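One structure below.
From a predicted model like this one, the values you see are computed outputs, not experimental measurements.
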Amino acid sequence: MRSWLKLTQWTVFGTLGCIAISVTFNYVYFFNESPALLTKALISAAIIPVILAGPLFFYLTLKLRELAIANHRLRDLASKDSLTGCLNRGAFTRVIDNFLEIRGISQPPVGALLVIDADHFKSINDRFGHHRGDEALNLMADAIRASLRKNDWLGRLGGEEFGVFLPGADLAEASHVAERIRKMINGLDFTAGGERRALSVSIGGAAFVQRITFADLFRIADERLYAAKNTGRDRIEMTLIPPADFAATAPLTVH
């Protein structure tokens with residue numbers, strides 16, 4: 001609706017601008033002529049732009065609108081994972097890098113990163129086929145999406161691994177979101193081979209209150225993910241990255 005309103009505005013104001021220029025030119029050019037000739041010149045100066053400029057402005061603005069829509073769709077396709085509709089890894093990384101860079105200019109940024117990996121997912125693909133695996137991934141992506149806050153970002157990092165960025169979240173908030181995700185996925189109704197199959201995820205997370213790069217943040221969250229995998233799966237491992245001590249990260253485990 002707004003795009004059509006802008007198209008109309010460009011057409012109207014563009015045509016009025018042409019009329020103003022044309023009328024001004026004819027008024028100056030025919031000023032010393034007879035009143036009758038001046039009147040005809042002004043009328044023609046107003047009518048011709050309406051006949052010519054109006055349709056031309058409408059056509060050009062319409063084509064520019066179509067081009068803008070096409071470019072938006074291309075950007076959307078380039079940033080989205082084709083299967084789940086989440087941000088792809090490249091777009092997800094860029095979004096977080098931009099957040100960390102911009103917020104870090106004036107003060108240390110605050111937030112958390114969750115790395116989520118489906119447990120025993122290879123067995124689903126091997127036993128029931130990749131099409132059922134894709135179905136399970138879509139179900140998990142929808143469950144994660146439904147568990148997030150309004151301004152959180154979800155990305156598919158590759159395979160059965162997802163990333164969630166929680167801007168402004170402290171360790172307690174991030175742990176709460178992670179647990180909500182874990183429970184939502186536990187409760188999914190996924191059927192394969194005629195039976196309901198349980199789905200679960202392991203989640204590693206890192207909350208931060210300092211300037212940090214995405215690479216370092218991901219490395220620490222990924223380490224927590226492996227800790228969750230190695231201690232039984234279907235669980236959460238979270239850590240707080242202290243403001244000034246990168247090495248002394250004391251992990252907080254949340255079951």
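- Residues V110 make up the rest of the hydrophobic cluster containing V209, defined by ILVMFWY side-chain heavy atoms closer than 4.5 Å, directly or through other members.
- Annotation: the span from I241 atom CD1 to I212 atom CD1 amounts to 3.5 Å, rounded to 0.5 Å.
- A heavy-atom distance below 4.5 Å is found between the side chains of I116 and V164.
- Considering only residues two or more places apart in sequence or on other chains, L83 meets the side-chain contact (heavy atoms from CB on, under 4.5 Å) condition with D81, D134, L137, N138, R156.
- Identified under the salt bridge (Lys or Arg N to Asp or Glu O under 4.0 Å) test for residues 161-177, with sequence neighbours left out: none.
- Residues satisfying the side-chain hydrogen bond (donor to acceptor under 3.5 Å, both in side chains) test with N151, not counting sequence neighbours, are none.
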| task | Please step through side chain to side chain contact (heavy atoms under 4.5 Å, CB included) for the pair V177 and L148, ending with a clear verdict. | result | CA-CA 7 Å; V177 173; L148 301 183; 4.0 Å; yes
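- Counting only N and O atoms by type, the side chains of R182 and N186 include a donor and acceptor under 3.5 Å apart.
- For the side-chain contact (heavy atoms from CB on, under 4.5 Å) test, residues two or more places apart in sequence or in another chain that qualify with R196 are D189.
- Pairs passing the ring pair (Phe, Tyr, Trp, His ring centres under 6.0 Å) check and including a residue from residues 165-206, sequence neighbours excluded, read F99-F165, W153-F165.
- Under the 4.5 Å side-chain criterion, counting only non-hydrogen atoms from C-beta, F214 is in contact with L113.
- In this view, R197 satisfies the side-chain hydrogen bond (donor to acceptor under 3.5 Å, both in side chains) rule with no residue, not counting sequence neighbours.
- Using a 4.5 Å cut-off on side-chain heavy atoms (C-beta onward), S175 and E237 make no contact.
- Listed by chain and residue number, nothing satisfies the ring pair (Phe, Tyr, Trp, His ring centres under 6.0 Å) test with F92 (two or more places apart in sequence, or in another chain).
- Taking CZ of R180 as the start and CD1 of I236 as the end, the distance is 11.0 Å to the nearest 0.5 Å.
- By the side-chain hydrogen bond (donor to acceptor under 3.5 Å, both in side chains) test, S123 is found to be paired with no residue, residues two or more places apart in sequence or in another chain being considered.
- The side-chain contact (heavy atoms from CB on, under 4.5 Å) check on Y226 picks up D222, N230, with sequence neighbours excluded.
- Note: the hydrophobic cluster containing L154 also contains L166 (ILVMFWY, side chain heavy atoms under 4.5 Å, direct or indirect links).
- Using a cut-off of 4.0 Å between Lys/Arg side-chain N and Asp/Glu carboxylate O, R219 and D216 are scored as salt-bridged.
- By the side-chain contact (heavy atoms from CB on, under 4.5 Å) test, D142 pairs with R145, sequence neighbours left out.
- Side-chain N/O atoms of R89 and T93 include no donor and acceptor closer than 3.5 Å.
- Closest non-hydrogen pair, R235 versus A228, comes out as CD-O, 3.4 Å.
- A donor-acceptor pair is defined here as one N or O able to donate and one able to accept, closer than 3.5 Å; no such pair exists between the side chain of R224 and the backbone of L114.
- Among residues two or more places apart in sequence or in another chain, the side-chain hydrogen bond (donor to acceptor under 3.5 Å, both in side chains) test is passed with D119 by S200, S202, K229.
- Here the side chains of F218 and T213 are not in contact, with every heavy-atom distance at 4.5 Å or above.
- Looking only at side-chain heavy atoms (C-beta outward), I185 and I144 come within less than 4.5 Å of each other.
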| task | Let me see the working for R211 and L100 under side chain to side chain contact (heavy atoms under 4.5 Å, CB included), right down to the final yes or no. | result | CA-CA 7 Å; R211 292 177 178 86; L100 296 174; over 6 Å; no
